[in-house]
*Asks:* 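Once you've had a glance at the structure underneath, I'll fire off some questions.
All chains are named by letter (A, B, ...) in the order of the sequence lines, taking the proteins before the strands, and each is independently numbered beginning at 1. These numbers come from a predicted model, not from an experiment.
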Amino acid sequence: MTANRLAESLLALSQQEELADLPKDYLLSESEDEGDNDGERKHQKLLEAISSLDGKNRRKLAERSEASLKVSEFNVSSEGSGEKLVLADLLEPVKTSSSLATVKKQLSRVKSKKTVELPLNKEEIERIHREVAFNKTAQVLSKWDPVVLKNRQAEQLVFPLEKEEPAIAPIEHVLSGWKARTPLEQEIFNLLHKNKQPVTDPLLTPVEKASLRAMSLEEAKMRRAELQRARALQSYYEAKARREKKIKSKKYHKVVKKGKAKKALKEFEQLRKVNPAAALEELEKIEKARMMERMSLKHQNSGKWAKSKAIMAKYDLEARQAMQEQLSKNKELTQKLQVASESEEEEGGTEDVEELLVPDVVNEVQMNADGPNPWMLRSCTSDTKEAATQEDPEQLPELEAHGVSESEGEERPMAEEEILLREFEERRSLRKRSELSQDAEPAGSQETIDSGSQEVLSELRVLSQKLKENHQSRKQKASSEGTIPQVQREEPAPEEEEPLLLQRPERVQTLEELEELGKEECFQNKELPRPVLEEQQSERTPNNRPDAPKEKKKKEQMIDLQNLLTTQSPSVKSLAVPTIEELEDEEERNHRQMIKEAFAGDDVIRDFLKEKREAVEASKPKDVDLTLPGWGEWGGVGLKPSAKKRRRFLIKAPEGPPRKDKNLPNVIISEKRNIHAAAHQVQVLPYPFTHHRQFERTIQTPIGSTWNTQRAFQKLTTPKVVTKPGHIIKPIKAEDVGYQSSSRSDLPVIQRNPKRITTRHNKEEKL
Amino acid sequence: MKVKMLSRNPDNYVRETKLDLQRVPRNYDPALHPFEVPREYVRALNATKLERVFAKPFLASLDGHRDGVNCLAKHPENLATVLSGACDGEVRIWNLTQRNCIRTIQAHEGFVRGICTRFCGTSFFTVGDDKTVKQWKMDGPGYGDEEEPLHTILGKTVYTGIDHHWKEAVFATCGQQVDIWDEQRTNPICSMTWGFDSISSVKFNPIETFLLGSCASDRNIVLYDMRQATPLKKVILDMRTNTICWNPMEAFIFTAANEDYNLYTFDMRALDTPVMVHMDHVSAVLDVDYSPTGKEFVSASFDKSIRIFPVDKSRSREVYHTKRMQHVICVKWTSDSKYIMCGSDEMNIRLWKANASEKLGVLTSREKAAKDYNQKLKEKFQHYPHIKRIARHRHLPKSIYSQIQEQRIMKEARRRKEVNRIKHSKPGSVPIVSEKKKHVVAVVK
């Protein structure tokens, strides 16, 4: 290794020397310093010997083998110097002599010619040839693409492809070659000729042509008149429409609209009588409109126009009315069609409330909650804003009360009466409001709540407010000394109360519980003046506690899914009472509840229970009634077979095996699946189909002749490929599909110019 | 007294002539014909079962060769004539209708490597192990004359295959290189070579007749253009390809029978991915031939069975085997698309129906209608598990059956390993190679 490295380094050194020597040598003529050259050559050889030590064969330099004293011009070697012999150097002496002009010319001609580039190696050339040839062939082949595609997609392919065309000659040709021979034929031809009937070209007789020509003018006139009339009618219609559009009278438009609505209603009624199916469709349309309305905010007074109106609403009666109209329209549209069973009382209530409420309150609320999704918006906004947005109507008096309590902290006992009065008023308005909200709820949840419970709920709200006040008073310890002990006594109470206040819907609350609480509070509120009330309130909890265990059983019984679900919404509403001290986790809770409130309408669990009940009912085996009315007794319209007979002929279905989901309340296990049928059913959707309905449809259309006419049957059962026995099927030809065949001859190019063949063959022989 | 009678108009039910069809009044009211789906399902089931009952594809065995049959050729003009070459250099011409041998020629010393007929059907060519190409007349010699070839070309190397041009008096042989010959000359017009390994088969494209395909034992398939006298492209597969066959209806499609038990259908313009990989054989595939309709092909395998594949399916629709049939060396689909012939190691040529349960002979129109209806029903209900099971069921010799099981296990193991490797390596570092791409090693321009 070391020797090798040494040799290499030496070599490198010598090369450097060479390079350094070059310019010197260039100037000197060779003959002058041969000795010097000699020494250098020896040195070179030595180096070479060293470098060849590593085994690799270095290039062998040309060597002068024979020794001669004369340095012949043919034996000149430029080795060692490493320089190339340049033509210019050789020509230098020529320049001086003028006798060599011709040679000079020739040389200059040679100089002007450029050297030819090295030819590419054989493999490269062949590769290029191949690539070009392949591209050409691929292009030729791609003309078959449409044919192949057509054949692959063809409904039916009949082989052999080339058909023997039945020789069909045009009738003129046949006729011209044909002559009338028999007398009858001759007679007929005579007649035809006499009447100028066409013999060869069976299109129109001259008379017919003439008549056609005559008709054409009249027809043209008629057509023109018709067109004129149509155009005039259209222009009349357009003018009328324009005129009607310009009418500014609102009344007129209202009348027109009403007329249209009436007409539509009448038509619908008629339709219902005549064509129930179409009527049902109509109904569906209405239902769809309702859905759209529910989805959109079109009539929710949230648009630009509505907002502008809302600003005006305080001062302008018309604007208020317009807003009301919008709301009513929304209600009308979103109302379910079937729901007509609302009690009169409630309806009356809603009307009242609307009148009371809409102008000042609801509009404001809607103004505030104008974001894309009020539920989400609320959760994001800060607490203060939340408080503001939640329920302003309640906040207002509340804040006032707050203010009163703060400012007149010392005079509190005196102001108590005022507060009470306000409370009563509030309660009344609240009750109405809750009724309204109740009304807005889906019909499903209304079923279980009676008006009484609503009252209770409103009471509950009042109670909660009061409790909050207590809280405040507790905070303002400095305000009144008298209250402190009461508050202290009260302290166990808030723990129990708090959940009521904060309203966790998860907490088990039965209606009864709420009712009881409500009633108690109610009584207290009504009968006692404020101070007493407070005392009562504080004492209430101990009073309550002994009661609780007694009724606990009953209550637990009452813990029912339905009740739970139905109590949720009112409780959520009472949440909206603003609490002034906001806890951090309360925010979260609020958010969660808000979402709950948003989806309060969809009673998923109850729906599921109902569904399950129905499924169970449906799967039960049915009794078979074999009574024949009129058998063995009098029959006729309105007569029923006797109970005894019915009992006798009623075959009771045996009780089926217990359902698998009997003990699984949250599951419906379908018992319809029949394992014996499963072997005959397709489990996965087969490949070309993208939807199971497509597949089912193909299966459901029968193809047999039992269900189809002969023609349809034949069409439906055409085989994809038809071959005729005993016929040879030749490969497809370009001529068959209307292409020109690729070339006259497939023979190789070389055969056509025989020169190249011979060369090629010679080469091969050499190889 | 008035007597009420039923009265009918005889025009409605009486034929005008005796030769008329009887009028059958029909009411297509769907209410009168309920349960259409179940009824059709039962019909389809019955049709499928009957198809299996009547599936008797084996027609005849042509015996007479004294060595394994090495090559087969169809007569281009005559459906009944078939030529076969055996491993002992004997060529026989058979008549299929009479199922007998009509002529025997001792053509070569050693194997008859290839046989092909001229496009007009007047003569045929054979190549053999004795380095000769011989042209023979299709008709036998007159009484007392010797069996002599029309022409004999002595070559320098062994020819392993031959194919005739579809339109012109040109044929191609393969061996060390692909030679294209004019029938009148004793030297090839041109020789094309790419690589040094011996070429096992060469086939002319039947549609674009200047195209040739060949397969060599260095695992590649090479395409040539005869007009430009140059190879076009080469695709290298995992293992050696034994033969190729061009689709007679689609100019750019060909199928290659490979040693790795699979067949590959290629679009010759895009050789890097086969259009379809056909797998079902459990041993090397030795020969392949297209149905003249171009919709199916038949393959002969070393596993002693032949299989029929639809062109666009990767699994075979049919497998034929008999107890006595040994390694099948050559197979041909007759030009009327009804029959299949295969020549095998144990000296016999067998004739099969292409459609196993098809009724031979002339069908009445009612039979035809019933056949079409049953076919459509089978197609319609083919995805139903019961029907699918019956339609797919085939009896297989134990060797093939156990081989299939074994290979299934091997394949599953390989797949599992692959999946595991992908699962436990950095996502994206192990490429997922599709089955189609897996077998193509390279495409050389």
*Asks:* Could you tell me which portion of B:Gln382 (side chain, backbone, both or neither) has an atom closer than 4.5 angstrom to a non-hydrogen atom of chain A?
*Replies:*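 The answer is neither part of B:Gln382.
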*Asks:* Pick whichever of A:Gln714, A:Gln700, A:Lys733 has the most heavy-atom pairs under 4.5 Å with chain B.
*Replies:*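 Most heavy-atom pairs within the cutoff with chain B belong to A:Gln700.
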*Asks:* Where on B:Gln375 is there a heavy atom nearer than 4.5 Å to chain A: the side chain, the backbone, both, or neither?
*Replies:*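 Contact with chain A involves no heavy atom of B:Gln375 at all.
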*Asks:* So what's closer than 4.5 Å to chain B heavy atoms on A:Leu716: side chain, backbone, both or neither?
*Replies:*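 For A:Leu716, backbone heavy atoms alone lie under 4.5 Å from chain B.
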*Asks:* Is it true that, when you exclude A:His129 itself, more than 12 heavy atoms of the residues, nucleotides or ligands shown sit nearer than 6.0 Å to its NE2?
*Replies:*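 12 or below, so no.
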*Asks:* Quick one: does B:Met268's side chain get under 4.5 Å of B:Leu211's, heavy atoms only?
*Replies:*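 Contact flag for B:Met268/B:Leu211 side chains = yes.
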*Asks:* Counting only heavy atoms not in B:Gln176, do more than 12 sit closer than 6.0 Å to its CD atom?
*Replies:*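 Atom CD in B:Gln176 is not packed in, count stays at 12 or less.
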*Asks:* Mind checking whether B:His164 and B:Phe119 have ring centres under 6.0 Å apart?
*Replies:*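 Yes, close enough.
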*Asks:* Contact part of A:Lys730 toward chain B, heavy-atom cut-off under 4.5 Å: side chain, backbone, both or neither?
*Replies:*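 Both parts, heavy atoms under 4.5 Å.
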*Asks:* What do you reckon, is NZ of A:Lys622 surrounded by more than 12 foreign heavy atoms closer than 6.0 Å?
*Replies:*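 Check passes, neighbour count above 12.
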*Asks:* Indicate, with yes or no, if the rings of B:Tyr373 and A:Phe713 have centres closer together than 6.0 Å.
*Replies:*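 When the ring centroids of B:Tyr373 and A:Phe713 are compared, they turn out to be within the sub-6.0 Å range.
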*Asks:* So which of B:Tyr224, B:Tyr28, B:Tyr290 has the biggest tally of heavy-atom pairs under 4.5 Å with chain A?
*Replies:*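 The residue among B:Tyr224, B:Tyr28, B:Tyr290 with the greatest pair count is B:Tyr28.
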*Asks:* For B:Lys295, is it the side chain, the backbone, both, or neither that has a heavy atom closer than 4.5 Å to a heavy atom of chain A?
*Replies:*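 It is the side chain, since no backbone atom gets that close.
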*Asks:* Would you say B:Arg392 has more than 12 foreign heavy atoms packed within less than 6.0 Å of its CZ?
*Replies:*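 Result for CZ/B:Arg392: open.
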*Asks:* Which bit of B:Lys338 comes within less than 4.5 Å of chain A, counting heavy atoms only: side chain, backbone, both or neither?
*Replies:*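 The side chain, not the backbone.
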*Asks:* Which one, A:Asn708, A:Leu161, A:Asn151, leads in non-hydrogen pairs under 4.5 Å with chain B?
*Replies:*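 The answer is A:Asn708.
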*Asks:* Tell me which of these, B:Asp225, B:Leu79, B:Val444, has more heavy-atom pairs under 4.5 Å with chain A than the rest.
*Replies:*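 The answer is B:Leu79.
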*Asks:* Sort A:Ser705 into side chain, backbone, both or neither according to what part of it lies under 4.5 angstrom from a heavy atom of chain B.
*Replies:*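 Just its backbone gets close to chain B.
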*Asks:* Salt bridge (charged side-chain N to carboxylate O under 4.0 Å, His left out) between B:Lys380 and B:Glu40: does it pass, once the steps are laid out?
*Replies:* CA-CA 10 Å; B:Lys380 185 179 163 185; B:Glu40 288 217 313; 2.7 Å; yes
*Asks:* Side chain from CB out, backbone as N, CA, C, O: work out which of these in B:Ile387 comes under 4.5 Å of a heavy atom of chain A, or both, or neither.
*Replies:*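 Answer is neither: B:Ile387 stays 4.5 Å or more from chain A.
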*Asks:* What part of B:Thr230 gets closer than 4.5 Å to chain A, counting heavy atoms only: side chain, backbone, both or neither?
*Replies:*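 Contact with chain A: side chain only.
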*Asks:* Do you know which of A:Gly726, A:Ala138, A:Ala133 has the most heavy-atom pairs under 4.5 Å to chain B?
*Replies:*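 Greatest number of close heavy-atom pairs with chain B: A:Ala133.
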*Asks:* At a heavy-atom distance under 4.5 Å, which candidate from A:Val682, A:Val132, A:Thr706, A:Val148 has the highest pair count against chain B?
*Replies:*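 Highest number of pairs under 4.5 Å: A:Thr706.
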*Asks:* With only heavy atoms counted, which part of B:Pro206 is less than 4.5 Å from chain A, the side chain, the backbone, both or neither?
*Replies:*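 It is both, since atoms from each part get that close.
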*Asks:* Assess the residue pair B:Glu36 and B:Arg39 against the criterion (salt bridge (charged side-chain N to carboxylate O under 4.0 Å, His left out)); give the C-alpha distance rounded to whole Å, side-chain angles, the decisive distance to 0.1 Å, and a yes or no.
*Replies:* CA-CA 5 Å; B:Glu36 56 264 28; B:Arg39 282 164 81 185; over 6 Å; no
*Asks:* Salt bridge between A:Asp145 and B:Arg269, side-chain N to carboxylate O under 4.0 Å?
*Replies:*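 A salt bridge links A:Asp145 with B:Arg269.
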*Asks:* What residue, out of B:Met249, B:Lys388, B:Glu77, B:His386, has the most heavy-atom pairs lying under 4.5 Å from chain A?
*Replies:*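 Most heavy-atom pairs under 4.5 Å with chain A: B:Met249.
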*Asks:* Just give me the residue among A:Thr709, A:Thr698, A:Val684, A:Thr701 that pairs up with chain B most often, heavy atom to heavy atom, under 4.5 Å.
*Replies:*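 Winner by heavy-atom pair count: A:Thr709.
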*Asks:* For the pair A:Asp661 and A:Arg659, find out whether any cationic side-chain nitrogen is under 4.0 Å from an anionic carboxylate oxygen.
*Replies:*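 Salt bridge present between A:Asp661 and A:Arg659.
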*Asks:* For chain B, which of A:Pro160, A:Pro725, A:Ala679, A:Ala678 has the most heavy-atom pairs under 4.5 Å?
*Replies:*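 Most heavy-atom pairs within the cutoff with chain B belong to A:Ala679.
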*Asks:* In terms of heavy-atom proximity below 4.5 Å to chain B, should A:Glu126 be classed as side chain, backbone, both, or neither?
*Replies:*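 Neither part; nothing is under 4.5 Å.
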*Asks:* Considering only NZ, NE, NH1 and NH2 on the basic side and carboxylate oxygens on the acidic side, decide whether A:Lys143 and B:Glu208 come within less than 4.0 Å.
*Replies:*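 Judged by the 4.0 Å cut-off on N to carboxylate O distance, A:Lys143 and B:Glu208 do form a salt bridge.
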*Asks:* Check whether B:Tyr41 gets within reach of chain A through its side chain, its backbone, both or neither, counting any heavy atom under 4.5 Å.
*Replies:*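 The side chain, not the backbone.
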*Asks:* Name the region of B:Arg43, side chain, backbone, both or neither, that has any atom closer than 4.5 Å to a heavy atom of chain A.
*Replies:*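 Contact with chain A is through the side chain of B:Arg43 alone.
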*Asks:* So for atom CD, which belongs to A:Gln139, do other residues, nucleotides or ligands contribute more than 12 heavy atoms lying within a distance under 6.0 Å?
*Replies:*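 Atom CD in A:Gln139 is not packed in, count stays at 12 or less.
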*Asks:* Go through the atoms of B:Trp246 and report whether side chain, backbone, both or neither lie under 4.5 Å from a heavy atom of chain A.
*Replies:*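 Answer is neither: B:Trp246 stays 4.5 Å or more from chain A.
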*Asks:* Are there over 12 heavy-atom neighbours, none belonging to B:Arg315, within less than 6.0 Å of that residue's CZ?
*Replies:*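 Yes, CZ of B:Arg315 has more than 12 neighbouring heavy atoms, counting only those of other groups under 6.0 Å.
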*Asks:* Please look at A:Ser142 and chain B and tell me whether the side chain, the backbone, both or neither of the residue comes under 4.5 angstrom of a heavy atom of that chain.
*Replies:*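 Both parts, heavy atoms under 4.5 Å.
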*Asks:* For B:Asn247, is it the side chain, the backbone, both or neither that has a heavy atom under 4.5 Å from a heavy atom of chain A?
*Replies:*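 Neither; nothing under 4.5 Å.
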*Asks:* Answer with side chain, backbone, both or neither: which region of A:Thr137 has an atom nearer than 4.5 Å to a non-hydrogen atom of chain B?
*Replies:*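 For A:Thr137, the contact with chain B is made by the side chain alone.
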*Asks:* Does B:Trp166 have more than 12 heavy atoms from other residues, nucleotides or ligands lying within 6.0 Å of its CH2?
*Replies:*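 No - once you tally the heavy atoms of other residues, nucleotides and ligands closer than 6.0 Å, there are 12 at most.
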*Asks:* Measure B:Leu223 against the heavy atoms of chain A and call it side chain, backbone, both or neither at under 4.5 Å.
*Replies:*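 The answer is neither part of B:Leu223.
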*Asks:* Out of the candidates A:Val722, A:Thr718, A:Thr717, only one should pair with B:Asp372 under the side chain to side chain contact (heavy atoms under 4.5 Å, CB included) rule; please name it.
*Replies:*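 Exactly one option meets the side chain to side chain contact (heavy atoms under 4.5 Å, CB included) with B:Asp372, and it is A:Thr717.
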